[in-house]
Peer 1: 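Below you will find the structure I want to go over with you.
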Amino acid sequence: MLPAFLRWHLPAFLLLLAATPAAADPTTDSVTDGFEGGRIPPQVWSPCRRPEGRFFLDDMLSRSGRYSAGMALLPTPDLPPEVEAVNTEHRRSGCIDSDRDMDFMAGSDQRAELWLRETEEKGTDLWYGFSFRIDAAPAPAADSRRLLVGQWKQAGQYSPFLGQRFRNRKFYLTVEQDGPARLQQCRVLVAWEDGYDFSDFPPHRSFLHDGFDAAGNKLAPDYTADCGSDLSIDREASLPSPYGAWVDMVVHIKVDAQPDDLIEVWANGQKVVTVRGRLGYRDSGRQYFKIGPYRDPGDTPVVAHLDNFGLGHSFEEVDPRRFDR
């Protein structure tokens, strides 16, 4: 939890609201997918198909039921075969970061991601639930390359407003918001696994990144800025490790770059963190979700598995443990 001196300045009503999740938007269609149909349904997911990735169904490793969906970077021969691409009309590509109709421009990253096909208006009150795990060859102890497995984004060239990140195989969560004068994005560390190295976030556990000045010159990251100081962060538990073990996630979001925005996260049934305050980006488009390994270039295979996915209107509706009942 935040120190008392950072919490007492908040209005009393805000602290009371923290104990009561906001009402969900009943107009959003619910989605449930445990991959038990023996496929990755194209009406639900858009795979980002690239040469370094493979998408497959795994009947030897599932959280519940018979199957899980696998997403591999630099796949090895022992993995199940690639799921055949379905020739169907897509309203959006699985590799486009924008609402605009534009071709994907391959960068230096590596990715094997499943993108949820449906997008939502910013500010929509949504609950996500899923089980995931990471199986990777042993990596160097000091492997600090960027790796994400799970991103909540808003259309446009913006970093995820909530990201499931990994550094040296340690799990941590970041949220993002417009920075001062909107020139740079503000990234704030909000939850982490025991043993996480905080050296990326000195000294305020936040920093500014990815911005340009009025002349179009790229701005250097600013690690001295306390740019997330307008957020209320209540951290209640550490994150569990998904390396070689299933983790059941529930995420509640209501994000529209407004002071009453909300993100809540549970792992394995335990509340991890609540974040309140202005989140996301004012000038962005619709919001969406994608999951799978996304990283800086590397030569070590990484495999992520997904099971028990749900998108809905309450904790109970999306809790991955509902598949155990």
Peer 1: Counting distance only, does the side-chain N/O of Asn168 pair as donor-acceptor with the main-chain N or O of Lys170 below 3.5 Å?
Peer 2: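 No; judged by distance alone, with no hydrogens or angles, the pair does not exist.
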Peer 1: Among pairs that include at least one residue of residues 203-212, which meet salt bridge (Lys or Arg N to Asp or Glu O under 4.0 Å), considering only residues two or more places apart or in two chains?
Peer 2: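 Sorted result for residues 203-212: Asp210-Lys218.
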Peer 1: Between Glu121 and Arg286, does any NZ, NE, NH1 or NH2 come within less than 4.0 Å of an OD or OE carboxylate oxygen?
Peer 2: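 Looking at Arg286 and Glu121, the cut-off is met.
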Peer 1: What distance separates Met60 CE from Leu79 CG, expressed to the nearest 0.5 Å?
Peer 2: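 Nearest 0.5 Å value for the CE-CG distance: 12.5 Å.
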Peer 1: Check for a donor-acceptor pair, side chain of Asp248 on one end and backbone N or O of Ala267 on the other, with a separation under 3.5 Å.
Peer 2: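 It does not hold such a pair.
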Peer 1: For Thr224, does its backbone N or O pair with a side-chain atom of Asp222 as donor and acceptor, under 3.5 Å?
Peer 2: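 Yes; at least one donor-acceptor contact below 3.5 Å.
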Peer 1: My understanding is that only one of Gln185, Gln151, Lys153, Gln154 makes a side-chain hydrogen bond (donor to acceptor under 3.5 Å, both in side chains) with Ser159; could you say which?
Peer 2: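 Option passing the side-chain hydrogen bond (donor to acceptor under 3.5 Å, both in side chains) with Ser159: Gln185.
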Peer 1: Just do the ring pair (Phe, Tyr, Trp, His ring centres under 6.0 Å) check on Phe166 and Tyr172 with the steps written out, would you?
Peer 2: CA-CA 6 Å; Phe166 300 87; Tyr172 66 105; 7.6 Å; no
Peer 1: Side-chain heavy atoms under 4.5 angstrom apart, residues restricted to Ile, Leu, Val, Met, Phe, Trp, Tyr: same cluster for Phe56 and Phe132?
Peer 2: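 No, because Phe56 and Phe132 fall into different hydrophobic clusters, even though each may have its own neighbours under 4.5 Å.
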Peer 1: Is it the case that Arg165 places NZ or CZ above or below the six-membered ring of Trp192, under 6.0 angstrom from the centre and within 45 degrees of the axis?
Peer 2: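 Not flagged: Arg165 not positioned over aromatic ring of Trp192.
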Peer 1: Are Arg295 and Asp109 close enough for a salt bridge, meaning some N to O gap below 4.0 Å?
Peer 2: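 No, no charged N to carboxylate O under 4.0 Å.
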Peer 1: side-chain hydrogen bond (donor to acceptor under 3.5 Å, both in side chains) with Tyr281: which of Gln177, Glu176, Lys122, Gln157?
Peer 2: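 The side-chain hydrogen bond (donor to acceptor under 3.5 Å, both in side chains) with Tyr281 is passed solely by Glu176 among Gln177, Glu176, Lys122, Gln157.
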Peer 1: Check for a donor-acceptor pair, side chain of Thr174 on one end and backbone N or O of Arg187 on the other, with a separation under 3.5 Å.
Peer 2: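 No.
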Peer 1: If we ignore angles and hydrogens, is there a donor and acceptor under 3.5 Å between the side chains of Ser62 and Asp307?
Peer 2: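 On atom types as modelled, these side chains do not qualify, holding no pair under 3.5 Å.
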Peer 1: Considering only NZ, NE, NH1 and NH2 on the basic side and carboxylate oxygens on the acidic side, decide whether Asp324 and Arg63 come within less than 4.0 Å.
Peer 2: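 Arg63 and Asp324: salt-bridged.
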Peer 1: Do NZ/NE/NH1/NH2 and the carboxylate oxygens of Arg276 and Asp261 come within less than 4.0 Å?
Peer 2: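 So Arg276 does not pair with Asp261 through a salt bridge.
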Peer 1: Can you get from Trp152 to Leu147 by hopping between Ile, Leu, Val, Met, Phe, Trp and Tyr side chains that sit under 4.5 Å apart?
Peer 2: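 Looking at the clustering, Leu147 is in the same group as Trp152.
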Peer 1: Taking only Lys NZ, Arg NE, NH1 and NH2, and the carboxylate oxygens of Asp or Glu, determine whether Arg322 and Glu317 approach each other closer than 4.0 Å.
Peer 2: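 Answer for the salt bridge query: no.
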